[in-house]
Amino acid sequence: MNPKNLSKITLILVAVIFTCSPVHFLMIRSADGSVIDSYTLQGTEEFAVRYIHSVQKTPVLEVFRVDFREGIELRETVYTDFGAGLPFLVEGSAVFESGGGKFRIYGIKKYLSGCCLSGRSFRGL
């Protein structure tokens, strides 16, 4: 095969594969549905959400992983206070630990088909 034709075919195949590959986004929307921000996500990329707990008024960090087959996986929760509405029981292979003024549950492996969070402000990732 002619090297020029081979390079053209290769270029076309690369273009087809690139355009057929799905691109996934984490989209942050306001209450009215308008997009505030969006982030491109790769295969098993993690993202975290930090917020102030509505009852305890203490910081909470939740770590999620994107799984395009299963949904959004809650992997870890970290908080600094123990009280109403904060998790303390673990299920399955999850592990609870405390130390350094923090409580941490990891290995949660809870899948969500989507995630809707409401809050007063958004600061970006």
Side-chain angles (χ1 to χ4, degrees):
M1 180 176 267
N2 182 344
K4 266 189 163 181
N5 288 340
L6 183 59
S7 63
K8 286 179 185 178
I9 291 171
T10 303
L11 183 61
I12 290 170
L13 285 174
V14 168
V16 167
I17 290 169
F18 182 74
T19 57
C20 292
S21 298
V23 178
H24 299 276
F25 294 93
L26 171 64
M27 299 185 80
I28 311 298
R29 296 181 182 268
S30 66
D32 67 6
S34 61
V35 176
I36 296 172
D37 214 338
S38 65
Y39 303 90
T40 305
L41 296 176
Q42 304 301 317
T44 58
E45 191 168 356
E46 289 185 347
F47 65 94
V49 176
R50 290 185 182 127
Y51 60 92
I52 301 299
H53 191 272
S54 62
V55 175
Q56 287 301 113
K57 307 296 184 206
T58 58
V60 177
L61 171 75
E62 293 188 317
V63 179
F64 298 88
R65 182 180 68 89
V66 177
D67 182 321
F68 300 120
R69 289 172 295 215
E70 299 288 333
I72 298 171
E73 176 192 3
L74 174 60
R75 297 177 60 95
E76 179 177 343
T77 299
V78 180
Y79 47 97
T80 58
D81 198 3
F82 210 66
L86 290 167
F88 63 94
L89 296 174
V90 296
E91 298 175 8
S93 62
V95 177
F96 177 88
E97 67 181 24
S98 63
K102 294 184 179 182
F103 302 97
R104 178 179 176 226
I105 300 174
Y106 61 94
I108 298 171
K109 298 180 182 176
K110 181 177 182 177
Y111 290 94
L112 314 166
S113 60
C115 189
C116 181
L117 302 172
S118 60
R120 294 186 189 159
S121 65
F122 171 73
R123 294 190 187 156
L125 298 178

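Quantities reported herein were computed from a predicted structural model and do not represent experimental measurements. The figures here come from the full heavy-atom set of this structure, side chains too, leaving out hydrogens, waters and symmetry mates.
The side-chain hydrogen bond (donor to acceptor under 3.5 Å, both in side chains) check on R50 picks up nothing, with sequence neighbours excluded. In terms of the side chain to side chain contact (heavy atoms under 4.5 Å, CB included) criterion, residue partners of V60 (sequence neighbours excluded) are, by chain and number, Y51, H53, E62, T77, Y79, L86. Looking at residues two or more places apart in sequence or on another chain, you find no salt bridge (Lys or Arg N to Asp or Glu O under 4.0 Å) involving E91. Residues passing the side chain to side chain contact (heavy atoms under 4.5 Å, CB included) test with S34 are S30, D32, sequence neighbours excluded. Shown here are the salt bridge (Lys or Arg N to Asp or Glu O under 4.0 Å) partners of E73, two or more places apart in sequence or in another chain: R65, R75.
Clustering of Ile, Leu, Val, Met, Phe, Trp and Tyr by side-chain heavy atoms under 4.5 Å joins Y111 with none of the others. Through side-chain heavy atoms spaced under 4.5 Å, either directly or across other Ile, Leu, Val, Met, Phe, Trp or Tyr residues, I52 is tied to no other residue.
Linking Ile, Leu, Val, Met, Phe, Trp and Tyr whenever their side-chain heavy atoms come within less than 4.5 Å leaves I108 and L61 in two separate clusters. A continuous path of ILVMFWY side-chain contacts below 4.5 Å connects V63 to V78, so both sit in one hydrophobic cluster.
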Below 3.5 Å, can you tabulate the donor-acceptor pairs from side chains in residues 95-107 to any protein atom, sequence neighbours excluded?
from: E97; atom 1: OE2; to: R104; atom 2: NH1; distance (Å): 3.2
from: R104; atom 1: NE; to: E76; atom 2: OE2; distance (Å): 2.8

